[in-house]
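Working notes, structure below.
Naming: A, B, ... by sequence-line order, numbering from 1 per chain. Values reported hereafter were calculated over all heavy atoms of this structure, with side chains retained and with hydrogens, waters and symmetry mates removed.
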There are 2 protein chains.
Amino acid sequence: MKKTKERAFTCGLDAAIAVMGGKWKGLILFALQDGPLRFGELRRAVAGISERVLILQLREMETTGLLHREVYHQVPPKVEYSLTEFGHSLNTAMASLGEWGEENIERIEAIPWDQVG
Amino acid sequence: MKKTKERAFTCGLDAAIAVMGGKWKGLILFALQDGPLRFGELRRAVAGISERVLILQLREMETTGLLHREVYHQVPPKVEYSLTEFGHSLNTAMASLGEWGEENIERIEAIPWDQVG
DNA sequence: TCGGGTACTCACAAAGATGTAAGTATGGGT
DNA sequence: ACCCATACTTACATCTTTGTGAGTACCCGA
């Protein structure tokens, strides 16, 4: 998602996309819906994401208030990520989108993606 | 959105994001929900989009089956874009996301976007 | 002293998305 | 002959996102 300075949204959908935008945030939200996860657990839960990108996404989502980061001062270190109320509410709002995707997953997989774009 | 070759989705949300991904498709879907629009009308309806990007998005959405393109052989030319059933169903699924955005738009606008990322 | 586990951080690179400005084709009206 | 409107198309530049691989800090136990 673009990071312009003027964040004047044209509608609610625009605003929502700004917050959950990109390829990964929805999946991270999804992975955290059943409770907090540690960094390593998240990495395994979100298949295919690199450590670097995961951290970047987590930082953004912390800044936007979607999730909470809890550090346990132990050795080895332990950090738990969990959804805030805000994050939970977004997750709820995205549930129907996820259902739509599951209902249509065969059709979506059949799309000739190499011709798109 | 990334265009990898292996389109194996991890869940429905992943698939849905692949289809409506990016900054603009949601808004285009939204603009078309009340009926077909011509190219120029769409450009005005989706504030801030450039002609080039609008066309790219429309082409993608045509390929993914979200919308239909009807050409009227006139001079000056007339082209109408409308949602397919598939597009309508996605729009319906995104309604709750749009509502969430509207309910939280003040909070979202208050996010320090220049510190995100 | 050395390796192990965790959660990062850094430098670098590539891929993808978006933007700008100009040009094309058409035929009707003036 | 010239301009208009519409819907693109093209070339180019830039910005954002994603990826790769290595390295860091910490303390503990062997």
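Straight-line distance from the CD atom of A/E80 to the P atom of C/dA7: 10 Å, rounded to whole Å. Distance, A/L54 CG to C/dT9 P: 12 Å, rounded to whole Å. Rounded to whole angstrom, the span from the NE2 atom of B/H73 across to the C1' atom of C/dT26 amounts to 12 Å. Distance A/R69 CZ to C/dT6 C1': 12 Å, rounded to the nearest Å. As a whole-Å value, the separation of A/K78 NZ from D/dC27 C1' is 17 Å. One atom, CD of A/E62, and another, P of C/dC8, lie 9 Å apart when rounded to the nearest Å.
Phosphate proximity of D/dA7 to B/R59: absent, as no side-chain N or O sits under 4.0 Å from OP1 or OP2. Applying the 4.0 Å criterion to OP1 and OP2 of D/dG19, one finds that A/K23 has a side-chain N or O inside that range. Considering only side-chain N and O atoms, B/W24 lies under 4.0 angstrom from the phosphate OP1 or OP2 of C/dG19. At least one side-chain nitrogen or oxygen of A/Q57 sits closer than 4.0 Å to the OP1 or OP2 atom of D/dT18.
Checked by atom type and distance alone, the side chain of A/W100 never pairs as donor or acceptor with a backbone atom of B/L13 at under 3.5 Å.
The side-chain contact (heavy atoms from CB on, under 4.5 Å) search around A/Q33 returns A/F30, A/N91, not counting sequence neighbours. The salt bridge (charged side-chain N to carboxylate O under 4.0 Å, His left out) search around A/E51 returns A/R43, not counting sequence neighbours. For A/E106, there are no side-chain contact (heavy atoms from CB on, under 4.5 Å) partners two or more places apart in sequence or in a different chain. For B/R107, the side-chain contact (heavy atoms from CB on, under 4.5 Å) partners are A/F86, not counting sequence neighbours. The side-chain contact (heavy atoms from CB on, under 4.5 Å) test applied to A/R52 returns A/S50, A/L56, not counting sequence neighbours.
Across all strands, B/E51 comes closer than 4.0 Å to base atoms (heavy-atom distances). When heavy atoms are screened at a 4.0 angstrom cut-off, A/Y72 is found touching no nucleic acid atom at all.
A heavy atom closer than 4.0 Å to some atom of DNA chain C occurs in A/R38, A/F39, A/G40, these being the qualifying members of residues 38-49 of chain A.
The side chain of A/L56 lies closest to D/dT18, out of D/dC27, D/dT18, C/dA7. Of the candidate nucleotides C/dC8, C/dT6, D/dC8, D/dC8 has the atom nearest to the side chain of B/I55.
A salt bridge links A/K25 with A/E60; the closest basic N to acidic carboxylate O contact falls under 4.0 Å.
Both A/R52 and B/V53 sit near DNA chain C, but only A/R52 has its closest nucleotide nearer the 5' end.
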